[in-house]
Amino acid sequence: MAGLDKMKSQILSEAKAAADEKTAKANAEAQEILGQAKAEAEKRKSSISRKSEADVANYKERVASSIDLQHRTKILGAKQEMIASVLDKAYETVTGLGDKEYFEMLLKLLGKYALPQDGEICFSAADLKRMPTGFEQDAQQSAKANGGTLKVSREAKNIENGFVLVYGGIEENCTLRAMFDAKRDELSDKVHRMLFS
């Protein structure tokens, strides 16, 4: 029996040694895995932190860009309002000229737009009533200087101011509103340079 106990004790001792060896090996592997996991976690933490910092910087840049764009848009809107106001006042000034200055201005316009053809010039009812003496002759002289003739129509045109030239059924709108609208971009550029340069 003593031999059996001895054998039993030896088997138990070998089993314990094998178990201790396996436990130590498992602990070493666990420590290695844990170390790798910690290193990977640290690497990910660093990567996430850098990405987060980049995202925050990108967001700040977008916010600053958006604020800048809104600021420039508001400035542009204010400038456009100022330019429109100046042009509206200029139009009011021109339409509010006294009879003499108003018809002198119309003669200058006529000199630019009269064609070397026979035609007719039409005015609003208000302008027909306030037309100064001698204007018809001046208009004919201006047309003649351009190589054509013009007859002042006694029939009022439904226009606010300025005139309409009619050549063979084709009308050329020379009302002040049409002139301002046609030159709006050019006038806006000039006003912009005067106000903001």
Side-chain angles (χ1 to χ4, degrees), residues 58-197:
N58 188 19
Y59 179 73
K60 283 180 179 178
E61 190 177 303
R62 285 196 326 264
V63 167
S65 178
S66 175
I67 289 170
D68 183 53
L69 178 63
Q70 289 175 4
H71 179 72
R72 284 187 283 133
T73 301
K74 285 182 181 178
I75 288 174
L76 179 62
K79 284 181 176 181
Q80 288 173 336
E81 281 180 32
M82 288 177 71
I83 290 169
S85 174
V86 168
L87 291 178
D88 288 343
K89 286 180 182 167
Y91 178 78
E92 288 171 17
T93 300
V94 170
T95 58
L97 289 173
D99 292 350
K100 182 176 187 265
E101 295 87 2
Y102 175 76
F103 281 96
E104 284 175 359
M105 179 195 60
L106 291 185
L107 276 175
K108 287 179 186 173
L109 272 178
L110 184 58
K112 280 182 155 183
Y113 292 97
L115 298 177
Q117 302 174 23
D118 294 338
E120 186 176 40
I121 185 168
C122 305
F123 293 93
S124 68
D127 282 353
L128 282 172
K129 285 180 192 169
R130 69 180 186 149
M131 187 178 291
T133 309
F135 181 80
E136 281 189 62
Q137 290 78 17
D138 293 339
Q140 289 170 2
Q141 285 298 95
S142 186
K144 190 175 183 181
N146 285 355
T149 63
L150 275 180
K151 180 184 134 207
V152 175
S153 172
R154 293 290 162 216
E155 190 176 317
K157 206 60 152 155
N158 187 17
I159 58 176
E160 211 177 311
N161 49 42
F163 55 87
V164 173
L165 294 172
V166 182
Y167 292 103
I170 298 173
E171 294 187 355
E172 174 75 26
N173 186 348
C174 295
T175 61
L176 297 182
R177 178 54 64 197
M179 297 290 112
F180 264 78
D181 290 345
K183 301 275 186 186
R184 189 159 200 86
D185 289 342
E186 184 183 326
L187 292 172
S188 293
D189 289 344
K190 285 182 180 178
V191 170
H192 183 272
R193 283 192 299 273
M194 286 170 41
L195 292 178
F196 306 113
S197 292

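From a predicted model like this one, the values you see are computed outputs, not experimental measurements.
Closest approach of Ile159 to Ser124, counting heavy atoms only: O-CB, 3.1 Å. The nearest pair of heavy atoms linking Leu107 to Phe135 is CG-CE1, 3.5 Å. Summarising the geometry of Ser153 relative to Cys122, their closest heavy-atom pair is CB-SG, 3.8 Å, with the distance given to 0.1 Å.
Sorted by first and then second residue, the salt bridge (charged side-chain N to carboxylate O under 4.0 Å, His left out) pairs with a member in residues 187-197 read Glu186-Lys190; sequence neighbours excluded. The side-chain hydrogen bond (donor to acceptor under 3.5 Å, both in side chains) analysis of residues 79-97, with sequence neighbours excluded, yields the pairs Tyr91-Asn161. Judged as a salt bridge (charged side-chain N to carboxylate O under 4.0 Å, His left out), the pairs with a partner in residues 59-78 (not counting sequence neighbours) are, in order, Asp68-Arg72.
To the nearest 0.5 Å, atoms CG (Asp127) and NZ (Lys129) are separated by 11.0 Å. Taking NZ of Lys108 as the start and CG of Leu110 as the end, the distance is 13.0 Å to the nearest 0.5 Å. Here the straight-line distance linking atom NZ of Lys151 with atom CD1 of Ile121 works out to 12.5 Å at 0.5 Å rounding. Here OG of Ser66 is found 9.0 Å from OH of Tyr59. Values are rounded to the nearest 0.5 Å. Atom CG in Leu150 sits 13.0 Å away from atom NZ in Lys144 (nearest 0.5 Å). Note that the CZ atom of Arg184 and the CD1 atom of Ile83 stand 10.0 Å from one another [nearest 0.5 Å].
Considering only heavy atoms from C-beta on, Leu128 comes within 4.5 Å of Arg154 through its side chain. Looking only at side-chain heavy atoms (C-beta outward), Lys112 and Met179 stay at 4.5 Å or farther from each other. With a 4.5 Å cut-off on side-chain heavy atoms, Leu109 and Phe163 count as touching.
Around atom CG of Asn158, no more than 12 heavy atoms belonging to other residues, nucleotides or ligands sit under 6.0 Å away. Other residues, nucleotides and ligands contribute over 12 non-hydrogen atoms within 6.0 Å of the CG atom of Leu69.
Residues that satisfy the salt bridge (charged side-chain N to carboxylate O under 4.0 Å, His left out) test with Glu104, not counting sequence neighbours, are Lys100. The salt bridge (charged side-chain N to carboxylate O under 4.0 Å, His left out) check on Glu101 picks up nothing, with sequence neighbours excluded. For Thr175, the side-chain hydrogen bond (donor to acceptor under 3.5 Å, both in side chains) partners two or more places apart in sequence, or in a different chain, are Asn173.
Ring pair Phe123/Phe103 is tilted by interplanar angle, where 30° to 60° counts as tilted.
Counting only distance, with no hydrogens or angles, the side chain of Tyr102 and the backbone of Gly162 share a donor-acceptor pair below 3.5 Å.
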### Query
Can you list the steps and then say if Glu171 with Lys157 is a side-chain contact (heavy atoms from CB on, under 4.5 Å)?
CA-CA 12 Å; Glu171 294 187 355; Lys157 206 60 152 155; 2.7 Å; yes
### Query
Val152 and Met131: side-chain contact (heavy atoms from CB on, under 4.5 Å), yes or no, with the steps?
CA-CA 11 Å; Val152 175; Met131 187 178 291; 4.2 Å; yes
